[in-house]
Amino acid sequence: MADAAEKSQNPCSICDEEMAASEVLRGGSACSHAFCPACLTGHVRAKVESGAAATVRCLDASCTGTLDPELCRAALPVDVFERWCAALCETMFLGARRTYCPFPDCSEMMVADDDGEPVTQSECQVCRRLFCAQCSVPWHAGADCAAYEKLGRGDRSREDLMLLEMATEKKWRRCPKCDFFVDKRGGCLHIVCRCKFQFCYGCGNEWESDSCTCDDRDDDDSDSEDEDDGA
């Protein structure tokens, strides 16, 4: 009898189901409305799944109070609580440029605090792996963002990036037609690639084109063939 009397004094504000005192949940400190775990969970889940989890108001339609995640935590499934908190965190950075760790097993959100300067090489605050905040990919050592974007999807392996890094260090020139790397060890700037395209080793433009202004184009009329393997 005592249990029945206790429950009759604690009905859920939504479904009117009677609750024991231990089952009563008050999700906000600004109101006194009490709910059962099922109603509270259903309400928060609906808000999270609809993308409206930034501000979850009291379930009572006449109340303007908001729910506190910590007060609701005990009644919520772990995934619902975590998604709700993630949505709240994102609202704290409205207007800020956000970036995400590109590694699938992490995907942590971060603020790109660039102070007006482009941020490229970054370290994830959680998994501590390097990534490019501009390209949103694992860090492409040896290639700037422009060079990386020009690479085909099948040319972005670690080995390809290592080759790009070596080419940059050794100042190799890449054929503008077939992308083969050329290492000039002597002779003039006139290069005849293995694909037969002719270009200037100094600037990379097509040989004898108006866009090439290198001074020593005519110093030596002998052709320089490509000498090193490339990508």
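Please read these numbers as outputs of a predicted model, since none were measured by experiment.
Note that SG of Cys12 is 11.0 Å distant from NE2 of His33, once rounded to the nearest 0.5 Å. Atom CZ of residue Phe181 and atom SG of residue Cys175 lie 11.0 Å apart, to the nearest 0.5 angstrom. Within the model, atoms CD of Glu108 and OH of Tyr100 stand 10.0 Å from one another, a figure rounded to the nearest 0.5 Å. Summarising the geometry, atom CH2 belonging to Trp207 is positioned 9.0 Å from atom CD belonging to Gln198; distances are rounded to the nearest 0.5 Å. Rounded to the nearest 0.5 angstrom, Cys178 SG and Phe197 CZ are separated by 9.5 Å. In this structure, Thr41 OG1 and Phe35 CZ are separated by 12.0 Å, a value rounded to the nearest 0.5 Å.
Shown here for Cys58 and Leu67, the closest heavy-atom pair between the two residues is CA-CD2, 3.9 Å. Between Cys106 and Val126 the shortest heavy-atom distance is SG-CB, 4.1 Å. Scanning all heavy atoms of the two residues, the minimum distance from Tyr201 to Asp183 falls at OH-CA, 3.8 Å. Pairing each heavy atom of Leu59 with each of Cys39, the nearest pair is CD2-O, 3.5 Å. A pairwise comparison of heavy atoms in Pro138 and Pro102 identifies N-CG, 3.7 Å as the closest pair.
Contact of the Ser107 side chain with the Cys101 side chain is not registered, since no non-hydrogen atoms from C-beta on lie closer than 4.5 Å. Glu82 is not listed as a side-chain neighbour of Val48, based on a closest heavy-atom distance of 4.5 Å or more. At least one side-chain heavy atom of Trp84 sits less than 4.5 Å from a side-chain heavy atom of Val56. Ser136 has its side chain out of reach of Phe131: every pair of non-hydrogen atoms, C-beta onward, lies at least 4.5 Å apart. Using a 4.5 Å heavy-atom cutoff, the side chains of Gln121 and Cys132 are not in contact.
Under a 3.5 Å cut-off, the side chain of Arg57 and the backbone N or O of Thr64 do form a donor-acceptor pair. Without hydrogens or angle criteria, Arg173 side chain to Val182 main chain gives no donor-acceptor distance under 3.5 Å.
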- Where do Phe180 and Cys195 land on the side chain to side chain contact (heavy atoms under 4.5 Å, CB included) test, with the steps shown first? CA-CA 9 Å; Phe180 191 77; Cys195 71; over 6 Å; no

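Between Glu123 and Arg129, none of the side-chain N atoms (NZ, or NE/NH1/NH2) sits under 4.0 Å from a carboxylate O, so this pair counts as no salt bridge.
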